[in-house]
Engineer: 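Here you go, one structure.
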Amino acid sequence: MSPLRRVVGIAGLLAVIIVAYVLGRPVYWSLEGRWRDFRESQADEATNADQQASTPGTSESSSSSSSNNIVFASNKLRPASFSTPETEGGRNEAASAASAASGLSESSTAASEAEVGEGISGKVEQTHMGTGEEGGGAQTQEDGERNNFLAAQNLGGSSKALSKNNTDVPGDGSSSLSSIGRNGMVNDASAALAAASDDAIKAVSAASVTASAAGGETSEAGSEEASAGAGGGETFARGVRPIIHEGRPLIPELKRPIWEKPPPGGKVPGKEEFALRREMVEFRAEGNVVVVTFANHAFMDFVINWVKHLTDLGVNNILIGAMDTMILTALYNEGVPVFDLESGMSPEDSGWGTPVFHAMGREKVTLVNVFLAMGVELLICDTDTVWLRNPLPFIARYPSADVLTSSDHLVRSVDDESLEKWQQAQSAYNIGILHFRSTDPAKRLARAWAELLASDAKIWDQNGFNDLMRKHMGPDVYPEAKDHVFWAFDGSLKLGILPVSIFCSGHTYFVQHLHKVVGLEPYALHATFQFAGTPGKRHRFREAMAFYDPPEYYDPPGGIISFVNEIPEDLLRGGNHTLLTHFRLVNHQLKGIRAALAIATILNRTLVMPSTWARFDRIWYPHKGILDNTATPQPFLCPLDHILNVDRMLPGKLPEEEFGPAVPFREYSFLDNPRVPKDLRASKLSVRLCNSTSPDCPAETDTQNLPADTHTGTLVLRRGMREKQIRETFEGYSLVKWIEFSSMEGVFGGWDDKELEKKFRWRLRHYTGIWCCVHAHPGHIYYNFFWDEVPNWKPRPPENASEDHPAWE
């Protein structure tokens, strides 16, 4: 090439660069200015929302507040070290937005779309065998609504539409969300300049926030470590948000004894005061041990229950990580020690298995790394656990263990309070209960765990923990001690598996009743292996009388009705335990519950559910009725969610215009609960049923034995009474708080209001769940409240896809 051509080429290149700079600079600053304005307005909206959330009448948190005039102190002035949820969501959103909007970088646009598709709306692969949680393919009948709320918050008010499209299976409707994310990104620079690219910025912001929550980069893009300021130059692995903020002294308001509420009329301190730091941890720790859980506002009642059980046991070294402003405010007002987890999460329930659920799980990994960096011993638990005994003395028996973990194993390997034999307890380690000592091996594990999750947003935190731990297994650390602590992870970490009979899963406690089999008092109960989402967990704890509800729960307005669940001995134990005998037993009980729900509807009372019995277990995969080698008796007292969709039975879940009035209900153990007021127990009307052919059955309702105030006594009632007769008969007994029927067999003769009957039947068709599974596929069988109306009804799985649907479809 001649020198002249070389000079001309260089000059031309310089000219192109100059022109691009002159023309591109206004475009960049226009987008940058818009981004800055958007972030400032978003911060103002967040501040206003914080103030509204703490003002009575504007949020659910006001109901738990002891103050009538509590507002947040201004949190616009923050120390430089305090990171807001907005900035924590992603540091480079402006560059991403500019790149996506101008269309100058196809690769960055594709990456942003991948974040939206995978980090927010992509369906998460779930392995249900042995995971110990609810969910599972065609069997999943719990709702997955709001599973994309992190994106919906920033997508122009789309949350209602997204929620509506995601009410059947977690992850459903993901394609529509992906399209929202893609359409929100403007791929043409001229279009970005012509329109006010707010939607594009919001979409990129949503993707960035979700990617951060799911364990993405925590500082600048591509950085491997984030300095935490934990003292001693501690650094954290990629994927761990630096939530420690030293240097701010702990104010007296955060040093109150647990359960001591702030004085009425006071202000909630600014959010910066709730920043996690060493002084806060040391103030709450006892013996250098701290017990931690974390939650958003959807689990407020679970957190209160968790804390109450621990403090009742004398455990006060507690700290709660708040994932949103509402629960931070509510816990402070209840006198519960709380710190700001800086998650920026929505206060709503995302549902198990959703992308947001997995993002929330990564917060646990952050907490483990942060607390271990401060040198404390950490017992970290999920909020769906209940402590029935003080676990700290048990943990102290195993000082050599770097980590103790609970397990999804269903077969005990020990009959006492020893740790499980690791060679036999090979099911998944359940991270719902974890204990860490601040040792070098535990810190290396925590770091590796964070880095593994940061490498792939699809990895479930529990699966990652199991994969790391099983890289090396055994032998026993001290074989002669027979304490079953063994080498794991990299061969330097000492691990112990908590005994499944007393650190109970939802199966070992509610189905096998394993603690009773071995004659031991359980330490903990974890609401896993259940089938009705968060409401199912709550109902399980209520069945165990292990949930602290407010006083009004135990004294329902309008009173209650209950009935004796008469089950013939032949149905319980007659013949072999087969699929047919199982369904005969369950169907008999469904018929009684159906009549009781009808009477509760007519009388507008709350129904106390009967104890339900089953011959066959329920799980997410084919089995022979009882899981191999488990201690499940036949028959067994089974949780209600084995048979009914507890989550769909809640008031407000099914609209009354279509389904008629909801029937409030209580757990079978309700009347055994000491929290039920004495005046309810004393105000009881017993209803004895008789057949019209019996000589002692009166032609008219017998009220002779009732005193004038009608608060106690016995009422003899003819079987087969219709809706109108029942309504008129009990009209004079509205002051009676508890009506108990001696049976439900033949008590209800039918409806007079045909429209009400139609809606009632439609409601009940949505209540029944499934049994799973026989070995054929699909192997699940749908329960049916109206099985007796189907000629020659027999339990059989669907033979093809067209038959695979509930009775109401």
Engineer: With no hydrogens and no angle check, just 3.5 Å: does a side-chain donor-acceptor pair link H623 and D617?
Structural biologist: no

Engineer: Could you go step by step and tell me if Q512 and H507 meet the side-chain hydrogen bond (donor to acceptor under 3.5 Å, both in side chains) rule?
Structural biologist: CA-CA 6 Å; Q512 297 187 53; H507 194 280; 3.1 Å; yes

Engineer: For a side-chain hydrogen bond (donor to acceptor under 3.5 Å, both in side chains) with K537, tell me which candidate from T385, D641, D647, D384 qualifies.
Structural biologist: D384

Engineer: Do F529 and V511 touch side chain to side chain, with heavy atoms closer than 4.5 Å?
Structural biologist: no

Engineer: Would the distance check show the side chain of Q462 and the main-chain N or O of I431 forming a donor-acceptor pair, the cut-off being under 3.5 Å?
Structural biologist: yes

Engineer: Counting distance only, does the side-chain N/O of H582 pair as donor-acceptor with the main-chain N or O of R615 below 3.5 Å?
Structural biologist: yes

Engineer: How many angstroms lie between atom CG of L367 and atom CZ of R362, to the nearest 0.5 angstrom?
Structural biologist: 14.0 Å

Engineer: Ignoring hydrogens and geometry beyond distance, is a side-chain donor-acceptor pair present between W613 and Q589 at under 3.5 Å?
Structural biologist: no

Engineer: Between C773 and H780, does the side chain to side chain contact (heavy atoms under 4.5 Å, CB included) criterion hold? Intermediate values first, please.
Structural biologist: CA-CA 5 Å; C773 290; H780 48 268; 4.2 Å; yes

Engineer: Are the side chains of L319 and R284 in contact, using a 4.5 Å heavy-atom criterion?
Structural biologist: yes

Engineer: Could you pull out the closest heavy-atom pair between M545 and P674, with the gap in Å?
Structural biologist: SD-CD, 4.4 Å

Engineer: Classify the angle between the aromatic ring planes of F547 and F302 as parallel (below 30°), tilted (30 to 60°) or perpendicular (above 60°).
Structural biologist: perpendicular

Engineer: Which heavy atom of P639 sits nearest to which heavy atom of F510, and what is that distance?
Structural biologist: CG-CB, 3.7 Å

Engineer: With rounding to the nearest 0.5 Å, note down the distance linking CG in L764 to CZ in R648.
Structural biologist: 13.0 Å

Engineer: Do Y668 and N565 come close enough that some side-chain heavy atom pair is under 4.5 Å?
Structural biologist: no

Engineer: Within a strict 4.5 Å, meaning less than it, do heavy atoms of the Y767 and V646 side chains meet?
Structural biologist: no

Engineer: Between R763 (side chain) and G660 (backbone), is there a donor-acceptor pair under 3.5 Å?
Structural biologist: yes

Engineer: Once you round to the nearest 0.5 Å, how far does NE2 of H526 lie from OG of S406?
Structural biologist: 7.0 Å

Engineer: Do you know the tightest heavy-atom contact between V268 and T329?
Structural biologist: CG2-CG2, 4.0 Å

Engineer: For F394, is the NZ or CZ atom of R389 found under 6.0 angstrom from the centre of its six-membered ring and inside 45 degrees of the ring axis?
Structural biologist: no

Engineer: Please check if the side chain of S669 supplies one atom and the backbone of R542 the other of a donor-acceptor pair under 3.5 Å.
Structural biologist: yes

Engineer: If you take the centroid of each ring, where Trp contributes its six-membered ring, are F339 and F274 closer together than 6.0 Å?
Structural biologist: no

Engineer: Compare every heavy atom of F785 with every heavy atom of T768, then report the nearest pair and how far apart it is.
Structural biologist: CG2-CD1, 3.5 Å

Engineer: Output yes when a side-chain donor or acceptor of T606 lies under 3.5 Å from a complementary backbone atom of P556, and no otherwise.
Structural biologist: no

Engineer: Taking all non-hydrogen atoms of both residues into account, name the closest pair between I626 and P633 and its distance.
Structural biologist: CD1-O, 4.5 Å

Engineer: After noting the C-alpha distance and the side-chain angles of I560 and L671, does the key distance pass the side chain to side chain contact (heavy atoms under 4.5 Å, CB included) rule?
Structural biologist: CA-CA 10 Å; I560 64 173; L671 289 163; 3.8 Å; yes

Engineer: Walk me through it: do K261 and N333 pass the test side chain to side chain contact (heavy atoms under 4.5 Å, CB included)?
Structural biologist: CA-CA 6 Å; K261 297 182 179 181; N333 290 333; over 6 Å; no

Engineer: Can you check whether Y782 and W771 have ring centres sitting under 6.0 Å from each other?
Structural biologist: no

Engineer: Fit a plane to each ring of F659 and H766, take the angle between them on a 0 to 90° scale, and name the class: parallel (under 30°), tilted (30 to 60°) or perpendicular (over 60°).
Structural biologist: perpendicular

Engineer: Look at atom CG of D679 and say whether more than 12 heavy atoms of other residues, nucleotides or ligands are closer to it than 6.0 Å.
Structural biologist: yes

Engineer: Side-chain contact, heavy-atom cut-off 4.5 Å: Y554 with L680?
Structural biologist: no

Engineer: Kindly compute the distance separating CE (M744) from CZ (R594), expressed to the nearest 0.5 Å.
Structural biologist: 12.5 Å

Engineer: I'd like to know whether the aromatic ring centres of F583 and F616 sit less than 6.0 Å apart in this structure.
Structural biologist: no

Engineer: Hey, is K684 close enough to E740 for a salt bridge, meaning N to O under 4.0 Å?
Structural biologist: yes

Engineer: Counting only N and O atoms by type, is there a donor-acceptor contact under 3.5 Å from the side chain of T405 to the main-chain atoms of I497?
Structural biologist: no

Engineer: Looking just at side-chain N and O atoms, do E363 and S343 make a donor-acceptor pair shorter than 3.5 Å?
Structural biologist: yes

Engineer: With a 3.5 Å distance limit and no angle check, can you tell me whether T293 reaches the backbone of C381 through a side-chain donor-acceptor pair?
Structural biologist: yes

Engineer: Go through the side-chain N and O atoms of N296 and D324 and say whether any donor and acceptor fall under 3.5 Å apart.
Structural biologist: no

Engineer: Nearest 0.5 Å, what's the CZ-CZ distance between F531 and R618?
Structural biologist: 5.0 Å

Engineer: Taking atom types as modelled, find out whether S562 and W738 have a side-chain donor-acceptor pair closer than 3.5 angstrom.
Structural biologist: yes

Engineer: Backbone N or O of G506 within a donor-acceptor pair of the R540 side chain at under 3.5 Å?
Structural biologist: yes

Engineer: Can you list the steps and then say if C638 with T612 is a side chain to side chain contact (heavy atoms under 4.5 Å, CB included)?
Structural biologist: CA-CA 6 Å; C638 79; T612 50; 3.7 Å; yes

Engineer: Kindly give the heavy-atom pair with the smallest separation between I433 and A524, and that separation in Å.
Structural biologist: CD1-CB, 3.8 Å

Engineer: Do Y783 and H642 make the cut of ring centroids closer than 6.0 angstrom?
Structural biologist: no

Engineer: So, are K364 and D461 salt-bridged, with charged N and O less than 4.0 Å apart?
Structural biologist: no

Engineer: So do V411 and H409 actually touch side chain to side chain, heavy atoms under 4.5 Å?
Structural biologist: yes

Engineer: Between atom CH2 of W306 and atom CD1 of I318, what is the distance when rounded to the nearest 0.5 Å?
Structural biologist: 5.5 Å

Engineer: Dump the intermediate steps for side-chain hydrogen bond (donor to acceptor under 3.5 Å, both in side chains) on E658 and W762, then the final yes or no.
Structural biologist: CA-CA 8 Å; E658 182 179 357; W762 187 228; 3.0 Å; yes

Engineer: Between the side chains of Y548 and D312, is a donor N or O closer than 3.5 angstrom to an acceptor N or O?
Structural biologist: yes

Engineer: Using a strict threshold of under 4.0 Å (side-chain N to carboxylate O), is an ion pair present between K737 and D555?
Structural biologist: yes

Engineer: Is Y553 close to R666 at the side-chain level, that is, under 4.5 Å between some pair of heavy atoms?
Structural biologist: yes

Engineer: Heavy atoms, side chains only, cut-off 4.5 Å: are I593 and I643 in contact?
Structural biologist: no

Engineer: Using only atom types and a distance under 3.5 Å, with no angle test, would you say the side chain of H513 pairs donor to acceptor with the backbone of Y509?
Structural biologist: yes

